[in-house]
Amino acid sequence: MTDDLSRAQRDHWQSTYQRNPHMYGYEPSEPAKQVADAFPTGGTVLELGAGHGRDSLHFAQRGFSVHAMDFSPDGLAQLRDRAEQDGLIDRITTTVHDVRTPIPLPDSSVDAVFAHMLLCMALSTEEIHALVAEVRRVLRPGGTFAYTVRHTGDAHYDAGIAHGDDIYEHGGFAVHFFDRTLVNSLAQQWTPPEVHAFEEGGLPRRLWRITQTKPR
Ligand SMILES: C[S@@+](CC[C@H](N)C(=O)[O-])C[C@H]1O[C@@H](n2cnc3c(N)ncnc32)[C@H](O)[C@@H]1O
């Protein structure tokens, strides 16, 4: 991904959270509710692209220790404020981090990784592969990676400003739309991926929830 588009996206997300604090609300997403049941009780969850934390808060409420990362300091500040209010701050760590760089955690240090609509941001196919390799590195053997992405059946696919590599921009937001070939290629050193289709929001966004496990 070009540095210009990446920088523009980070600025766009920052100003979006500044203009619309708590924009996703504080009900957890459907995928977060579903995967929380499959994550090991009391374990550690790394959430990538956590935004203002509707799902990190849910994992903390469910008794997990949560490490929430996002490249928007404003999103994470809103998450910390809410965690303070809800008495959950002791279970949540936040780190400002761009997933185009290595995850700042040791090998095999988390039980589960969750990323809702993060891998389908303005990342090139190469950057997505590097990110999934990093997720595999920080997960303990037997740990689960659950992520969601908008796919090529979404109404915004192949429309708006084309940036190449299946990335299209609408209203300032750039999205990398996934096909099954990409999903399968990201699971090569994992257990076979389980893929569930679902929808979210008014458009609606058409998404897949993908779950794959790091072999023991
Ligand atoms: C569609 S939002 C989803 C937010 C959150 N997962 C939720 O569902 O409430 C995508 C999030 O990814 C973050 N993001 C986008 N590109 C990123 C990158 N390269 N590194 C880290 N975070 C990124 C944005 O700041 C935003 O919070």
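Remember, it's 1-based here, ligands and their atoms both numbered in the order they're listed.
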Identity and distance of the protein heavy atom lying nearest atom 22 (N) of ligand 1: F71 N, 3.2 Å
Any side-chain heavy atom of T152 sitting closer than 4.5 Å to one from F178? no
Of all the atoms in ligand 1, which lie at a distance below 4.0 Å from a heavy atom belonging to H97? 20 (N), 21 (C)
Closest protein heavy atom to atom 10 (C) of ligand 1, given as residue, atom name and distance to 0.1 Å: M117 O, 3.5 Å
Nearest protein heavy-atom contact for atom 5 (C) of ligand 1: which residue, which atom, what distance? G49 O, 3.2 Å
Which protein heavy atom lies closest to atom 13 (C) of ligand 1, and at what distance to 0.1 Å? D70 OD2, 3.4 Å
Identify the closest protein heavy atom to atom 19 (N) of ligand 1: which residue and atom is it, and at what distance? D98 OD1, 3.0 Å
Taking 4.0 angstrom as the limit and counting only heavy atoms of G51, give me the atoms of ligand 1 inside it, by number and element. 27 (O)
T95 side chain near H67 side chain, heavy-atom distance below 4.5 Å: yes
Closest protein heavy atom (residue, atom, distance) for atom 20 (N) of ligand 1: V99 N, 3.0 Å
Given side chains that start at C-beta, do those of H151 and F177 come closer than 4.5 Å, heavy atoms only? no
Determine whether any heavy atom of Q14 lies closer than 4.0 Å to an atom of ligand 1. no
Ligand-residue contact atoms, ligand 1 with A50, heavy atoms, under 4.0 Å: 5 (C)
Of the options R82, R54, H52, which is the one that meets Y26 in a side chain to side chain donor-acceptor pair (under 3.5 Å)? H52
Can you tell if the side chain of R150 reaches within under 4.5 Å of the side chain of H156, non-hydrogen atoms only? yes
Taking a cutoff of less than 4.0 Å between a non-hydrogen atom of the residue and any ligand atom, is Y17 in contact with ligand 1? yes
Checking ring pair (Phe, Tyr, Trp, His ring centres under 6.0 Å) for the pair Y168/Y157: CA distance, chi angles, key distance, verdict? CA-CA 7 Å; Y168 295 89; Y157 173 63; 5.6 Å; yes
Taking all heavy atoms of M117 and all of L207, pick out the closest pair and write down the distance. CG-CD2, 3.5 Å
Return the closest protein heavy atom for atom 8 (O) of ligand 1 as residue, atom name and distance. R54 NH2, 2.8 Å
Report yes if some heavy atom in the side chain of H116 is under 4.5 Å from a heavy atom in the side chain of F114; otherwise report no. yes
Please work out whether any backbone atom (N, CA, C, O) or any side-chain heavy atom from C-beta onward of L118 is under 4.0 Å from ligand 1, and answer side chain, backbone, both or neither. side chain
Side-chain donor-acceptor pair under 3.5 Å between H97 and T101, yes or no? yes
Is the shortest distance from a heavy atom of Q9 to ligand 1 less than 4.0 Å? no
Going by the 4.0 angstrom heavy-atom rule, the piece of M121 near ligand 1 is side chain
Which heavy atom of the protein is the closest neighbour of atom 3 (C) of ligand 1, given with residue, atom name and distance? H116 O, 3.7 Å
Measuring only between side-chain heavy atoms, which start at C-beta, is V183 closer than 4.5 Å to W208? yes
